[in-house]
Amino acid sequence: IALVHPSLNAVVQLAPDARARAKQADEDLAQGITPGPLHGIPFTVKDTFATAGLTSPLDARLRGGRTPAIDATAVARLRHAGAILVAKTNCPPAGHGTDTENAITGRTFNPYHLGHTPGGSSGGEAALVAAGVSPFGLGSDQSGGLRVPAHYCGVTTLKPTAGRVPNTGVYNQPGGLTDQRSQVGLIARWVADLALLMPLIIGADYEDAGVIPMPWPDRRAGDLKRLAVAFFTDDPASPVSAETGRAVGAAAQALARAGAIVEPARPADLIEAARQINYHWQDLAGMPGRTVVEFYSLWDDFRPHLLRFMARYDLLLCPVAGQPAPAVGERDPRRFDYTVPFSLSGYPAAVVRVAASAAGLPIGVQLVARPWREDAALALAAVLEAEFGGGQRPRLL
């Protein structure tokens, strides 16, 4: 962190007890005590997650300087598994936004090119994991806040099915009926890490009423040769760069070589329909009652439309965004076009790096599965990681 922070500006607060906890973990290990599967492994969290006894800069502005007494549920579960929190990471104001910057702690930069953005809202996490500083981190995804930064920074992530992980203790992310789109998830270097970590943070905490106690699927039990995969390289409503289209096509070919049943197919009007819902959703607080009802009817029509498409396929392969990470300050109104549809549907979606642009910026692809089938998304992400090499540590220093 000391080496890369001056360049990335991704950390907003260090955990003062991290070294003491690491020393205790060593002592426990020497005595044969291993309290969990993550014993002694460091991790980082997006600044919006409550961390007991630790007040970070954004806490002071957003929450009136309140120091949380307890951890967010996901943080507590990782600590219980033996992991050691080392830092909190930068994010946009209130935790939601297209870029990782705010008036208190400034802007975070992409480790592959400091003139480019890591995206938002979990851009601090993605930048640190990509730079090799953090093995994994906790973030959140409302419109693409995990998936777009993972794509921009060349790391892997999984947005779980809606209702999989409690939102408890995450600022501006209440969960339940009022917040169906925001999901807690993880960013890591390798797909196998996601498969290890996700089961540790799922399940009811009897605080977030939107969580459903579904068992975690075992991806080893799936037969890759029976998985039907639809893919599309772009949607007419949101053109992608030639490099992005080629990356998706190459990923489709790799899955076919691995034995999956792959065919070109795209849900009709996917992006245009999602764009209309998202536009209204942003103005929801000021809508008159009748318009609110019309909005939810539009959303309710979208979900079965996509569900009928997914009845024919186990997974959908598509772009994460229309281009690699844009330059700092570059306006990109279509940044979340390919991620918002699967926030609205609540489907699980994994991102894995498969290529790089001519400028050396990572290009990822998105693997969307049916509800509760994170195992299928991770299985195919692992295939692509093996084929294309996964995350490549940037030459930052």
Side-chain angles (χ1 to χ4, degrees), residues 112 119 126 141 144 146-159 191 224 227-272 274-275 306 309-310 312-326 332 334-343 345 347-370 376-392:
Y112 280 87
D141 188 307
L146 284 165
R147 289 166 287 164
V148 169
H151 159 61
Y152 284 173
C153 295
V155 289
T156 188
T157 191
L158 176 69
K159 179 191 81 70
V191 174
L224 189 63
L227 292 178
V229 181
F231 82 95
F232 64 95
T233 58
D234 74 336
D235 186 300
S238 188
V240 305
S241 69
E243 293 172 316
T244 300
R246 287 195 297 268
V248 176
Q253 293 174 8
L255 295 180
R257 287 194 298 270
I261 304 166
V262 181
E263 65 179 53
R266 174 174 49 81
D269 301 320
L270 177 71
I271 286 179
E272 186 56 41
R275 189 181 284 161
L306 189 54
F309 178 87
M310 292 300 289
R312 306 195 302 272
Y313 301 101
D314 296 288
L315 293 111
L316 175 62
L317 168 69
C318 65
V320 186
Q323 62 177 347
D332 184 12
R334 299 195 299 266
R335 184 173 298 188
F336 296 125
D337 277 358
Y338 286 89
T339 51
V340 163
F342 311 112
S343 297
S345 69
Y347 292 176
V351 169
V352 63
R353 177 193 176 277
V354 298
S357 71
L361 292 164
I363 300 175
V365 295
Q366 184 173 207
L367 289 156
V368 182
R370 294 172 179 173
L378 290 175
L380 294 195
V383 169
L384 296 180
E385 182 181 80
E387 175 81 13
F388 298 105
Q392 309 294 315

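Remark: Val340 pairs with Ser143, Arg181, Ala274, Asn278, Phe336, Leu344 by the side chain to side chain contact (heavy atoms under 4.5 Å, CB included) rule, at least two apart or across chains. Remark: Asp332 engages Tyr152, Gln323, Pro326, Arg334, Arg335 in a side chain to side chain contact (heavy atoms under 4.5 Å, CB included) (not counting sequence neighbours). Residues meeting the side-chain hydrogen bond (donor to acceptor under 3.5 Å, both in side chains) test with Glu385, sequence neighbours left out: none. Remark: Ala126 engages Pro149, Cys153, Val155, Ile187 in a side chain to side chain contact (heavy atoms under 4.5 Å, CB included) (not counting sequence neighbours).
In this structure, OG1 in Thr157 is found 7.0 Å from CG in Asp141, a value given to the nearest 0.5 Å. Atom CG in Leu384 sits 5.5 Å away from atom CG in Leu367 (nearest 0.5 Å). Remark: Phe309 CZ to Leu316 CG distance equals 5.5 Å, nearest 0.5 Å. In this structure, CG on Leu380 lies 8.5 Å from CG on Asp314, to the nearest 0.5 angstrom. Interatomic distance, SG of Cys318 versus CD1 of Ile271, reported as 8.0 Å (0.5 Å rounding). Atom CZ in Arg353 sits 8.5 Å away from atom CD1 in Ile363 (nearest 0.5 Å).
Of all heavy-atom pairs spanning Thr339 and Gly144, the tightest one is OG1-CA, 3.6 Å. Of all heavy-atom pairs between Tyr338 and Pro319, the closest is CB-O, 3.4 Å. Heavy atoms only, all atoms of each residue included: Ala325 and Leu361 are closest at O-CD1, 3.5 Å. Nearest heavy-atom pair, Ala321 versus His151, reported as atom, atom and distance to 0.1 Å: CB-CD2, 3.8 Å.
At distances below 3.5 Å, at least one donor-acceptor pair connects side-chain atoms of Lys159 with backbone N or O atoms of Phe342.
Residue pairs meeting the side-chain hydrogen bond (donor to acceptor under 3.5 Å, both in side chains) criterion with at least one member in residues 356-369, sequence neighbours excluded, are Arg147-Gln366. Sorted by first and then second residue, the salt bridge (charged side-chain N to carboxylate O under 4.0 Å, His left out) pairs with a member in residues 248-260 read Arg257-Glu387; sequence neighbours excluded.
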Name the atoms and distances for all side-chain donor-acceptor pairs under 3.5 Å in residues 238-249, with sequence neighbours left out.
from: Ser238; atom 1: OG; to: Asp337; atom 2: OD2; distance (Å): 2.7
from: Ser241; atom 1: OG; to: Thr244; atom 2: N; distance (Å): 3.2
from: Ser241; atom 1: OG; to: Thr244; atom 2: OG1; distance (Å): 2.7
from: Glu243; atom 1: OE2; to: Ala358; atom 2: N; distance (Å): 2.7
from: Thr244; atom 1: OG1; to: Gly322; atom 2: O; distance (Å): 3.4

List, one per line, each side-chain donor-acceptor pair under 3.5 Å for residues 261-270, sequence neighbours excluded.
from: Glu263; atom 1: OE2; to: Tyr313; atom 2: OH; distance (Å): 2.4

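The closest side-chain heavy-atom distance from Val352 to Phe388 is not below 4.5 Å.
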